[in-house]
Amino acid sequence: MKLFLRSLYSILLFGAGVLHFTHEKGFRRIVPKTLPFRRTIVLVSGVSEMIFSVLLWVKKGQEITGKLLALFMTAVFPANVFMAVKRISFRPGEEANPWILWLRLPLQLPLIVGALSLGRKGNG
């Protein structure tokens, strides 16, 4: 089961990281305009996700990887809240479904718990 979870999480992270580059303008829309270097924030978070997807497979340092990944997932949560509050669509030019935007917020919790779980010793 842990292998399945690690694989799923790794694929999810890598895919999301790639999307930060292929759909950078869309991701930039969910970074509040009050923050500087919005494009850089999007690209750095995309690289971070791809790095985490690889680090999940490196046996050494899994505890710190799990904790850092959980921290990362916590840090990006405000962008998801901003997206829901401002009703920012996943696809520019289309109207956002507020139900989907709000219902996806609780999904961040399993991502945080999953990161911590994968980082525990003996979870190879």
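Quick note: residue numbers are just sequence positions, from 1. Since the model is a prediction, treat every value here as computed from it, not as a measurement.
- Here the straight-line distance linking atom CZ of Phe77 with atom CG of Leu109 works out to 9.0 Å at 0.5 Å rounding.
- Among pairs with a residue in residues 106-115, those fulfilling side chain to side chain donor-acceptor pair (under 3.5 Å) read Asn80-Gln108, at least two apart in sequence or across chains.
- Note that NZ of Lys25 is 13.0 Å distant from OG1 of Thr22, once rounded to the nearest 0.5 Å.
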- Query: Does the side-chain contact (heavy atoms from CB on, under 4.5 Å) test come out yes or no for Lys2 and Ser117, once each step is laid out?
  - Reply: CA-CA 9 Å; Lys2 291 292 180 186; Ser117 173; 2.6 Å; yes
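- Pairs of residues two or more places apart, or lying in two chains, that qualify as side chain to side chain donor-acceptor pair (under 3.5 Å) and include a residue from residues 37-47 are His20-Ser45.
- Legend: residues meeting side chain to side chain donor-acceptor pair (under 3.5 Å) with Arg28, ordered by chain and number and at least two apart, are Glu24.
- Not counting sequence neighbours, the partners of Phe52 by the ring-ring contact (aromatic ring centres under 6.0 Å, His included) test are Phe72.
- In terms of heavy-atom proximity, Met73 sits nearest to Ile112 at CB-CG1, 3.7 Å.
- A distance of 14.0 Å separates NZ in Lys67 from CG in Leu118, rounded to the nearest 0.5 Å.
- The side chain to side chain donor-acceptor pair (under 3.5 Å) search around Ser10 returns Trp57, not counting sequence neighbours.
- Phe27 and Val76 fall into different hydrophobic clusters, where Ile, Leu, Val, Met, Phe, Trp and Tyr side chains are chained together by heavy-atom contacts under 4.5 Å.
- What you find for Met50 and Val18 is that their closest heavy atoms are SD-CG2, 3.9 Å.
- The number of heavy-atom neighbours closer than 6.0 Å to CZ of Arg104, taken from other residues, nucleotides and ligands shown, is above 12.
- Note: Leu101 CG to Ile30 CD1 = 10.0 Å, rounded to the nearest 0.5 Å.
- For Glu63, the side chain to side chain donor-acceptor pair (under 3.5 Å) test picks out no residue, with sequence neighbours left out.
- With rounding to the nearest 0.5 angstrom, the CD1 atom of Ile51 is 11.5 Å from the CG atom of Leu13.
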